[in-house]
Amino acid sequence: MNEHDDKLSARYRELAREEPPVALDAAILAASRRALGRPSFARRWGAPVSIAAVLMLAVGVTLHMQREEPGVETSEPGPAPAARSPAPIPDARKREATRKAAPAPSAHPAPMPSLPTPQPPMHSPASPPPTAESAAAGALEGKPMEAPVPAPARAAPAAAAPAATQSAERVQGFAAPKQANQESNRGAVRAPAASADALSQQKPVREERKLLPADPAAELERIARLRDDHRDEEADRALEEFRHRYPAYRIPNAVWERVRPR
Amino acid sequence: MSVPDEQLMLAYAGGDAAAFETLYGRHKGGLFRFILRSVKARGEAEELFQEIWIRVVEARSRYQPQAKFATWLYTIAHHRLVDHWRARGLAVVSLDDEDCPLPEPAAGPSWDPQATAEARETLGRLSDAIAALPLAQREAFLLHQEGGLTAAEIAAATGSNEEAAKSRLRYAMNKLREAIGDE
């Protein structure tokens with residue numbers, strides 16, 4: 001700043017120094033305190049959503065394991081552990097399809113229902129059924145992952161143990177086996193809790209953001225569709241909500257024309 | 001040494017209500033004058049001022065101290081003002097039009113009753129000149145004076161580039177100097 005700027009600034013500072021009314025100060029400070037008492041959406045729902053996600057996952061895994069048990073138990077115990085190769089398996093859905101489509105390497109001669117989807121080329125018919133935990137985690141993660149490698153000893157005693165014990169054991173194993181699984185599990189569990197906050201931060205895309213359906217642009221598109229449908233009240237509310245969620249987001253002019261209040 | 005704004009905001013996000021009070025106390029005057037001298041109607045200014053702070057409160061958990069707190073605060077204020085102008089039919093294009101006339105005459109802030117008549121006259125001219133500035137220049141000037149933002153920070157807050165922000169600031173200051181006879 002040069003001398004002229006200093007003079008101008010000094011003059012400017014001589015202008016009235018208006019302040020907000022005391023009542024407004026009080027209202028804003030009260031709102032700021034109330035907000036602390038009332039946790040934000042992510043804080044309020046983060047823990048319950050995480051717990052619910054874990055429970056659903058555990059129940060899903062357990063049910064899946066129970067459905068799978070007869071096939072595993074009655075098959076010859078020898079080839080199953082051997083066939084559980086640690087090689088990466090690209091997609092849990094493909095594996096699921098493969099499991100259903102391919103004849104299991106067991107003594108079950110029952111005819112398998114024919115599936116419309118082609119058999120994935122990555123699997124030999126001798127591939128064992130994927131473990132439920134890897135399938136569930138892979139499906140949630142939505143990306144390729146390594147198949148977990150359970151201890152070979154687990155399959156043999158499993159045949160004799162009651163189904164509930166096996167399921168519990170495998171759920172425990174689900175939490176332990178490999179780093180890759182741990183990472184994917186964490187991502188799967190964390191994702192719902194992170195949804196509200198992760199969206200508005202204009203930061204590099206993080207892993208969990210891939211799982212989130214909404215972003216500011218998508219939200220604006222949704223508002224524009226509401227306008228198109230003449231649902232202006234909803235659109236007004238959505239726009240207001242948008243401004244609260246993404247206060248620093250700059251709405252492009254073209255988009256603004258589509259979403260602005262009518 | 002006072003606690004930086006960014007730490008206060010993080011402390012508030014962590015549950016410290018007193019941190020917000022300090023932060024609010026530091027910025028309320030500047031932000032209020034920025035808004036008041038932008039929209040000129042006190043009622044609207046108060047409403048916008050409250051909305052902006054509520055947005056700060058609601059965004060606390062997403063706050064990342066990647067820039068000065070003031071830049072973040074005035075970015076929120078800028079967006080709210082843009083929405084305000086848009087809702088009144090003032091296209092954002094006029095924000096960038098250096099010679100766009102203002103849509104309404106300046107109502108002017110209230111004056112310091114202790115000032116002399118001559119000083120009042122000068123200040124009156126300055127106030128009118130600020131009100132008569134094109135939107136983008138006035139915004140740049142007020143962000144500089146009230147928010148203490150540099151040209152780069154003004155550019156960040158208004159979504160423009162630094163050169164444009166510098167240019168707006170320079171034009172604004174030249175016009176204001178001319179208005180108060182300090183060339």
Side-chain angles (χ1 to χ4, degrees), chain A residues 1-21 23-25 27-43 46 196-203 239-253 256-257 259-261, chain B residues 12-13 15-17 20-21 24-25 28-29 31-33 36-37 42 45-46 49-62 64 66 72 75-76 78-80 82-83 86-87 91-93 109-112 115 119 122-123 126-127 130 141 144-146 159 173 176-177 180 182-183:
Chain A
M1 282 253 270
N2 58 33
E3 190 182 339
H4 277 311
D5 293 338
D6 287 339
K7 268 188 181 175
L8 179 59
S9 293
R11 284 286 188 189
Y12 178 79
R13 305 244 166 262
E14 289 173 26
L15 288 175
R17 312 297 292 164
E18 298 95 337
E19 295 280 332
L24 192 53
D25 289 344
I28 291 168
L29 292 176
S32 75
R33 283 190 293 269
R34 271 199 311 275
L36 288 182
R38 168 177 53 81
S40 65
F41 179 84
R43 287 185 184 193
D197 286 351
L199 283 178
S200 61
Q201 293 175 13
Q202 295 168 357
K203 291 179 70 103
L239 186 61
E240 187 64 21
E241 174 67 15
F242 178 87
R243 270 307 179 204
H244 282 293
R245 289 184 66 191
Y246 310 109
Y249 185 81
R250 188 179 177 83
I251 304 176
N253 287 344
W256 172 256
E257 281 308 311
V259 302
R260 67 181 174 81
Chain B
Y12 174 58
D16 181 356
F20 182 85
E21 287 175 25
Y24 179 76
K28 67 173 184 174
L31 182 65
F32 186 71
R33 288 186 290 277
L36 181 62
R37 285 168 189 168
R42 195 172 179 103
E46 289 177 6
F49 177 78
Q50 185 170 10
E51 283 180 27
I52 290 163
W53 280 108
I54 294 300
R55 288 182 186 186
V56 169
V57 165
E58 288 176 348
R60 67 192 181 282
S61 59
R62 300 189 292 273
Q64 300 280 335
Q66 292 164 335
W72 184 66
T75 301
I76 294 173
H78 166 78
H79 287 309
R80 186 62 195 89
V82 168
D83 286 351
R86 280 166 160 169
V92 181
V93 175
S110 60
W111 307 119
D112 182 351
T122 305
L123 293 179
L126 176 59
S127 178
I130 291 170
F141 176 76
H144 179 58
Q145 292 294 337
E146 297 292 357
M173 290 184 137
L176 297 179
R177 274 196 291 267
I180 60 172
D182 177 29
E183 295 178 80

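Naming convention: chains lettered A, B, ... in sequence-line order (proteins, then strands); numbering from 1 in each chain.
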**Message:** Among B:G25, B:G159, B:A59, B:A45, which residue has the highest count of heavy-atom pairs closer than 4.5 Å to chain A?
**Reply:** B:G159

**Message:** Which one wins on heavy-atom pair count under 4.5 Å against chain A: B:W72, B:Y24, B:F49?
**Reply:** B:Y24

**Message:** What verdict does the side chain to side chain contact (heavy atoms under 4.5 Å, CB included) test give for B:R60 and A:L36, after you've listed the backbone C-alpha separation in whole Å, the side-chain angles of each residue and the deciding distance to 0.1 Å?
**Reply:** CA-CA 10 Å; B:R60 67 192 181 282; A:L36 288 182; 3.9 Å; yes

Mind checking the [atom1]-[atom2] spacing from [X] to [Y]? Nearest 0.5 Å is all I need.
X      : Y      : atom1 : atom2 : answer
A:R11  : B:L176 : CZ    : CG    : 12.5 Å
B:M173 : A:S9   : CE    : OG    : 5.0 Å
B:K28  : A:D25  : NZ    : CG    : 3.5 Å
B:D83  : A:R260 : CG    : CZ    : 12.5 Å
B:L31  : A:E19  : CG    : CD    : 11.0 Å
A:E18  : B:F32  : CD    : CZ    : 7.0 Å

**Complete:** Sorted by chain and residue number, the salt bridge (Lys or Arg N to Asp or Glu O under 4.0 Å) partners of A:E241 (sequence neighbours excluded) come out as none

**Item:** Contacts of B:E146 that satisfy salt bridge (Lys or Arg N to Asp or Glu O under 4.0 Å) - sequence neighbours left out
**Value:** A:R17, B:R33, B:R37

**Item:** Under 4.5 Å from a heavy atom of chain A, the part of B:I76 involved
**Value:** both

**Item:** Proximity breakdown for B:Y12 and chain A, heavy-atom pairs closer than 4.5 Å
**Value:** both

**Request:** Compare every heavy atom of B:V57 with every heavy atom of A:A31, then report the nearest pair and how far apart it is.
**Result:** O-CG1, 4.3 Å

**Asked** What are the two closest non-hydrogen atoms of B:H78 and A:R250, and how far apart are they?
**Response** NE2-NH1, 3.4 Å

**Prompt:** Is the shortest distance from a Lys or Arg side-chain nitrogen in B:E21 or A:R33 to a carboxylate oxygen in the other one below 4.0 Å?
**Reply:** yes

Toward chain B, the part of [X] with a non-hydrogen atom under 4.5 Å:
X      : answer
A:R243 : both
A:L239 : neither
A:P261 : neither

Would you check if [X] and [Y] make a side-chain contact, meaning some heavy-atom pair closer than 4.5 Å?
X      : Y      : answer
B:V82  : A:I251 : no
A:L24  : B:W53  : no
B:L126 : A:E14  : no
B:I130 : A:Y12  : yes
A:Y249 : B:H79  : no
A:P20  : B:R42  : no

**Message:** With a 6.0 Å cut-off (strictly less than), is the heavy-atom count around CZ of B:R55, excluding the residue itself, greater than 12?
**Reply:** yes

